[in-house]
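The next block holds one structure in the form of structure tokens; read it before the comments.
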There are 2 protein chains.
Amino acid sequence: MSARGRPRRFDRTAALRVAMELFWEHGYEGTSLSMLTDAIGITSTSLYAAFGSKGELFREAVDLYNSADWSPTDSALETSPTARQAIERMLRDNADAYVDPHTPRGCMVVLAGLNLTSANEYIGHRLAALRRRDHDKVVARLDRGVAEGDIPPGTDTAAMASYYLTVLHGLSIQARDGCSRELAHTVIDRAMLTWDALIRQPDHEVVAGDPPRSGGG
Amino acid sequence: MSARGRPRRFDRTAALRVAMELFWEHGYEGTSLSMLTDAIGITSTSLYAAFGSKGELFREAVDLYNSADWSPTDSALETSPTARQAIERMLRDNADAYVDPHTPRGCMVVLAGLNLTSANEYIGHRLAALRRRDHDKVVARLDRGVAEGDIPPGTDTAAMASYYLTVLHGLSIQARDGCSRELAHTVIDRAMLTWDALIRQPDHEVVAGDPPRSGGG
DNA sequence: CCAATTATGTATCGATCGATACATAATTAT
DNA sequence: ATAATTATGTATCGATCGATACATAATTGG
């Protein structure tokens with residue numbers, strides 16, 4: 001690729017990952033250039049040459065965070081056979097990621113852009129747009145459930161999506177506050193009770209849906 | 001009180017409220033001294049003379065936020081006759097505050113200390129301690145429900161509290177993302193279904209609890 | 001070898017951060 | 001009136017913010 005010129009002395013991908021974890025933990029404005037350069041082990045000159053600016057670096061870090069390896073949401077929604085299983089897997093896989101001891105706690109998209117100076121408000125808008133996209137994906141998956149018959153027609157899928165995303169976003173705060181994996185899954189147990197209470201309408205048949213798990217496997 | 005000396009030319013209480021709203025909206029590090037002095041209309045000298053430091057000012061702002069006027073949680077938990085009504089009122093009154101157009105959206109205690117430099121981590125710890133205190137209050141109210149008979153003995157009140165606080169914290173993010181008051185209450189409708197699914201055990205009588213509201217008061 | 005290209009190292013930019021020194025104004029106690 | 005006390009206004013502190021200028025090192029293309 002970049003054959004010409006003096007070769008880069010550091011691993012750009014590894015550096016991006018270090019930056020992602022710093023932004024993830026401390027947020028955009030809570031992460032300074034000196035924190036980034038110290039953690040990566042390069043000078044600010046090299047960082048700017050490789051990534052352009054702090055805002056560009058953050059954008060790349062968010063892209064990395066949202067890539068398939070890091071974000072279990074897409075695969076949970078797409079591969080689960082029923083809408084109920086899709087929601088539950090989305091919640092449980094994300095919860096596992098939120099309390100993973102190898103990475104900062106909670107969701108970067110939720111947590112990294114909340115405390116911003118006016119000059120950097122666009123960062124918050126970008127992350128809010130990503131949350132809106134997740135909301136739309138959940139609604140689409142629920143609508144697919146309606147189309148496929150495992151959700152009764154007439155169900156307010158938008159409200160249902162908002163409810164489960166509220167739980168998901170709340171779990172980011174719980175994770176930041178140190179909650180255990182077990183407790184997170186117990187919370188999800190309770191959140192899934194809503195599904196059974198709402199979807200099992202008296203005049204509708206329930207097609208699929210596994211029983212609520214108790215522990216969290 | 002402060003009879004001696006030159007009288008203060010600004011309203012300290014009003015200034016504190018302005019500071020509270022700025023910290024509430026932008027977080028601790030997202031609010032600079034110049035933002036504070038510009039919004040209040042005083043010089044940094046006067047601000048330091050009146051409040052000591054940025055950290056002290058923030059502490060007073062959090063105290064104001066947690067005072068009875070601003071925090072409906074305590075009154076909801078204490079005055080509601082049943083545990084179910086206490087939880088539902090806590091959620092609905094807080095949700096109303098989160099989307100109140102006269103104040104920043106969401107909960108200051110949840111949102112203001114998430115993106116911090118290492119030097120200011122104590123701010124995050126202080127707010128986390130307040131969230132833990134809320135958790136303990138909810139558990140205490142649920143335990144009281146067990147003692148008074150409207151919750152079956154053996155109920156995992158700690159898990160129940162974590163669940164409802166997860167929903168409450170998630171509503172702060174939803175509020176930041178612009179959700180309507182109606183949608184917030186619809187989310188709470190769904191959250192309260194968990195109560196009925198868990199508390200109405202087949203071998204236990206339900207003593208109290210109003211039916212789930214649909215719209216939101 | 002030489003030119004072109006790309007990255008690095010040093011040193012620093014102007015702006016802003018939170019915080020203060022110092023002199024002055026306005027009030028009360030005596 | 002004078003001293004003591006408290007607040008204000010001006011001007012600025014050292015540190016850090018994100019970002020760059022400039023010279024040098026290391027590689028490829030010719």
Side-chain angles (χ1 to χ4, degrees), chain A residues 1-16 18-19 22-23 26-62 112-113 115-124 126, chain B residues 1-16 18-19 22-23 26-62 112-113 115-124 126:
Chain A
M1 309 296 175
S2 67
R4 298 280 284 272
R6 177 174 176 172
R8 182 175 284 123
R9 285 172 56 93
F10 65 95
D11 184 336
R12 192 182 189 279
T13 303
L16 180 59
V18 170
L22 281 174
F23 283 131
H26 299 281
Y28 180 70
E29 291 196 345
T31 307
S32 68
L33 260 295
S34 63
M35 288 167 70
L36 290 163
T37 53
D38 288 353
I40 298 173
I42 59 176
T43 65
S44 60
T45 310
S46 295
L47 189 146
Y48 276 86
F51 297 103
S53 70
K54 187 188 182 187
E56 280 297 311
L57 174 59
F58 183 76
R59 173 201 281 278
E60 282 200 51
V62 171
N115 300 160
L116 294 167
T117 310
S118 307
N120 290 320
E121 269 179 4
Y122 75 101
I123 295 284
R126 282 222 299 253
Chain B
M1 309 295 175
S2 68
R4 295 281 282 272
R6 179 174 175 172
R8 183 175 284 121
R9 285 173 55 94
F10 65 96
D11 184 336
R12 192 183 188 279
T13 304
L16 180 59
V18 170
L22 280 174
F23 283 131
H26 299 281
Y28 181 71
E29 291 195 346
T31 306
S32 68
L33 260 295
S34 63
M35 288 167 69
L36 290 163
T37 53
D38 288 354
I40 298 173
I42 60 176
T43 64
S44 62
T45 310
S46 295
L47 189 146
Y48 275 85
F51 297 102
S53 70
K54 188 188 180 185
E56 281 296 311
L57 174 58
F58 183 76
R59 173 200 279 278
E60 282 200 51
V62 171
N115 299 159
L116 294 167
T117 310
S118 307
N120 291 320
E121 268 178 6
Y122 75 101
I123 295 285
R126 280 221 301 251

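These numbers come from the heavy atoms of this one structure, side chains and all, not from hydrogens, waters or symmetry mates. Keep in mind it's a predicted model, so treat the numbers as computed, not measured. Proteins get letters first, then strands, A, B, ... in listed order; numbering begins at 1 in each.
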- Message: Taking the side chain as everything from C-beta on, heavy atoms only, tell me whether B:Phe51 gets closer than 4.5 Å to B:Leu16.
- Response: yes
- Item | Donor-acceptor under 3.5 Å (B:Lys54 side chain, B:Ser32 main chain) | no
- Query: When you look at B:Phe23 and B:Val62, which way does the side-chain contact (heavy atoms from CB on, under 4.5 Å) test go after all the steps?
  - Reply: CA-CA 9 Å; B:Phe23 283 131; B:Val62 171; over 6 Å; no
- Mind checking side-chain contact (heavy atoms from CB on, under 4.5 Å) for A:Asp11 and listing every partner two or more places apart, or none if nothing turns up? A:Thr13, A:Ala14
- Which whole-number value in Å describes the distance from B:Ile40 CD1 to D:dA7 P? 15 Å
- Query: What integer distance in Å separates B:Arg8:CZ from D:dA7:P?
  - Reply: 5 Å
- Message: Test your reading of the model: is there a side-chain donor-acceptor pair from A:Thr31 to the backbone of A:Leu22, 3.5 Å cut-off?
- Response: yes
- Lys NZ or Arg CZ of A:Arg126 over A:Tyr122 ring: under 6.0 Å, within 45°: no
Taking only nitrogen or oxygen atoms into account, show me every contact under 3.5 Å that the protein makes with nucleotides 15-19 of chain C, one pair per line with its distance.
from: C:dC17; atom 1: OP1; to: B:Ser32; atom 2: OG; distance (Å): 3.0
from: C:dC17; atom 1: OP2; to: B:Ser34; atom 2: OG; distance (Å): 3.1
from: C:dG18; atom 1: OP1; to: B:Thr31; atom 2: O; distance (Å): 3.4
from: C:dG18; atom 1: OP1; to: B:Lys54; atom 2: NZ; distance (Å): 2.6
from: C:dG18; atom 1: OP2; to: B:Leu33; atom 2: N; distance (Å): 2.5
from: C:dA19; atom 1: OP2; to: B:Tyr48; atom 2: OH; distance (Å): 2.5
from: C:dA19; atom 1: OP2; to: B:Lys54; atom 2: N; distance (Å): 3.0
from: C:dA19; atom 1: O5'; to: B:Tyr48; atom 2: OH; distance (Å): 3.0

- Between protein and nucleotides 21-30 of chain C, map the contacts as a letter string: B base, S sugar-phosphate only, - none, heavy atoms under 4.0 Å, written 5' to 3'. B---BBBSS-
- Message: Classify B:Phe10 by what it touches in the nucleic acid, base, sugar-phosphate, or nothing, heavy-atom distance under 4.0 Å.
- Response: sugar-phosphate
- Query: So which nucleotide does D:dT2 pair with, by the Watson-Crick or G-U wobble rule with both distances under 3.5 Å?
  - Reply: C:dA29
- Mate of D:dC22 across any strand shown (Watson-Crick or G-U wobble, both atom pairs under 3.5 Å) is C:dG9
- So, does A:Asn115 use its side chain to make a donor-acceptor pair with the main chain of B:Asn115 at under 3.5 Å? yes
- Item | A:Asp38 side, atom CG; A:Thr43 side, atom OG1 - distance, nearest 0.5 Å | 11.0 Å
- Message: On the nucleotide C:dT8, are OP1 or OP2 found under 4.0 Å from the side-chain N or O atoms that A:Ser46 carries?
- Response: yes
